[in-house]
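Keep in mind the model is a prediction, meaning the values are calculated, not measured. Values reported hereafter were calculated over all heavy atoms of this structure, with side chains retained and with hydrogens, waters and symmetry mates removed.
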Amino acid sequence: KASMFSPGDFGRAQSLLAASEHKRQAARMERERLESSLKRKVQAQLSARQQTIANLRKRQAGAVRSNAAASERNAKLLTDIAELVRVCDDTCLSRSAAAAELRSEQRKYLQAAEDARRREVRDEKDRERTRLS
């Protein structure tokens, strides 16, 4: 019975099998290299994002502290302004009261001056009558 394969077919088959195995190993090594490269890139991106998040959290915490300090300063300023308004109101009331007192004293003075002028006129008339009598 004659074989369908010639004696050289076995050698070629072994050669093709070895070449196929070599290609398969090369493909596997290339796949592993690409996977490793991709893992490094993904890890680097993840680290960069984690660092960005950490930096943003630090900046946010700093902004919160800064806002709290600004709020405290604003509250102090509002308290100071309220005190100044109170002092100004007190000063205005004091000045208003002082002006009213001054006007009252001025009226008394003017009244006393008017009374003195009337007495002077009356006394002058009395002296004139006395002299004529």
Side-chain angles (χ1 to χ4, degrees):
K1 188 167 180 181
S3 169
M4 294 180 16
F5 298 107
S6 67
D9 287 345
F10 182 71
R12 279 194 302 279
Q14 277 187 325
S15 177
L16 287 173
L17 183 63
S20 174
E21 180 63 26
H22 182 265
K23 284 181 184 177
R24 204 170 41 129
Q25 284 182 356
R28 182 180 52 79
M29 289 175 62
E30 179 66 11
R31 187 186 74 241
E32 288 173 355
R33 186 186 68 75
L34 290 172
E35 284 176 353
S36 176
S37 174
L38 182 61
K39 283 180 184 177
R40 281 193 307 274
K41 286 178 184 176
V42 167
Q43 186 60 44
Q45 287 177 347
L46 179 62
S47 293
R49 287 185 181 152
Q50 287 172 336
Q51 186 61 45
T52 299
I53 289 169
N55 290 341
L56 289 172
R57 285 186 177 145
K58 285 178 189 174
R59 282 176 39 197
Q60 182 183 27
V64 166
R65 284 191 302 275
S66 177
N67 287 345
S71 291
E72 286 180 27
R73 287 191 304 273
N74 288 346
K76 173 136 180 36
L77 287 173
L78 288 174
T79 302
D80 291 349
I81 289 169
E83 178 64 16
L84 285 172
V85 167
R86 187 192 64 72
V87 167
C88 287
D89 285 348
D90 290 351
T91 302
C92 289
L93 290 173
S94 295
R95 286 184 179 173
S96 181
E101 187 176 333
L102 185 60
R103 285 191 299 273
S104 174
E105 290 296 319
Q106 194 175 26
R107 280 193 295 274
K108 288 178 191 175
Y109 176 77
L110 290 174
Q111 187 64 47
E114 180 64 23
D115 291 347
R117 189 187 63 75
R118 286 185 187 147
R119 276 194 306 278
E120 184 69 31
V121 168
R122 188 185 69 225
D123 289 348
E124 186 63 36
K125 285 182 182 178
D126 285 347
R127 279 194 296 271
E128 189 64 33
R129 270 189 245 131
T130 306
R131 197 170 49 89
L132 290 176
S133 330

request  = Enter the distance from Arg117:CZ to Leu110:CG here, rounded to the nearest 0.5 Å.
outcome  = 12.0 Å
Side-chain ion pair, Arg86 and Asp89, N-O less than 4.0 Å = no
remark   = Members sharing Val42's hydrophobic cluster, built from side-chain contacts under 4.5 Å between Ile, Leu, Val, Met, Phe, Trp and Tyr, are Leu38
key: Glu30: side-chain hydrogen bond (donor to acceptor under 3.5 Å, both in side chains) partners, not counting sequence neighbours   = Arg33
Thr52 side-chain N/O to Ala48 backbone N/O, donor-acceptor pair under 3.5 Å = yes
message = Can you confirm whether Glu32 is buried at CD, in the sense that more than 12 heavy atoms of other residues, nucleotides or ligands lie under 6.0 Å from that atom?
response = yes
request  = Measure the spacing between CZ of Arg107 and CG of Leu102 and express it to the nearest 0.5 Å.
outcome  = 10.0 Å
query = Taking atom CZ of Arg31 as the centre, does the number of heavy atoms from other residues, nucleotides or ligands within less than 6.0 Å exceed 12?
reply = yes
request  = Not counting sequence neighbours, which residues clear salt bridge (charged side-chain N to carboxylate O under 4.0 Å, His left out) with Asp80? List them please.
outcome  = Lys76
task = Not counting sequence neighbours, which residues clear salt bridge (charged side-chain N to carboxylate O under 4.0 Å, His left out) with Glu124? List them please.
result = Arg127
task = Identify, with sequence neighbours excluded, every residue that meets side-chain hydrogen bond (donor to acceptor under 3.5 Å, both in side chains) alongside Arg103.
result = none
ask   = Can Val121 and Lys125 be said to form a side-chain contact (heavy atoms from CB on, under 4.5 Å), step by step?
value = CA-CA 6 Å; Val121 168; Lys125 285 182 182 178; 4.0 Å; yes
task = Among residues two or more places apart or on two chains, list those pairs meeting side chain to side chain donor-acceptor pair (under 3.5 Å) that have a residue in residues 37-47.
result = Ser36-Arg40
ask   = Rounded to the nearest 0.5 Å, how far apart are CD of Gln60 and CG of Leu56?
value = 8.5 Å
message = Within this structure, what is the OG-CD distance for the pair Ser96 and Glu101, rounded to the nearest 0.5 Å?
response = 11.5 Å
key: Working for salt bridge (charged side-chain N to carboxylate O under 4.0 Å, His left out), residues Glu128 and Arg131   = CA-CA 5 Å; Glu128 189 64 33; Arg131 197 170 49 89; 2.8 Å; yes
message = If we ignore hydrogens and angles and just use 3.5 Å, is the side chain of Thr130 paired with the main-chain N or O of Asp126 as donor and acceptor?
response = yes
query = Would you call Glu105 and Lys108 a salt bridge, using N to O less than 4.0 angstrom?
reply = yes
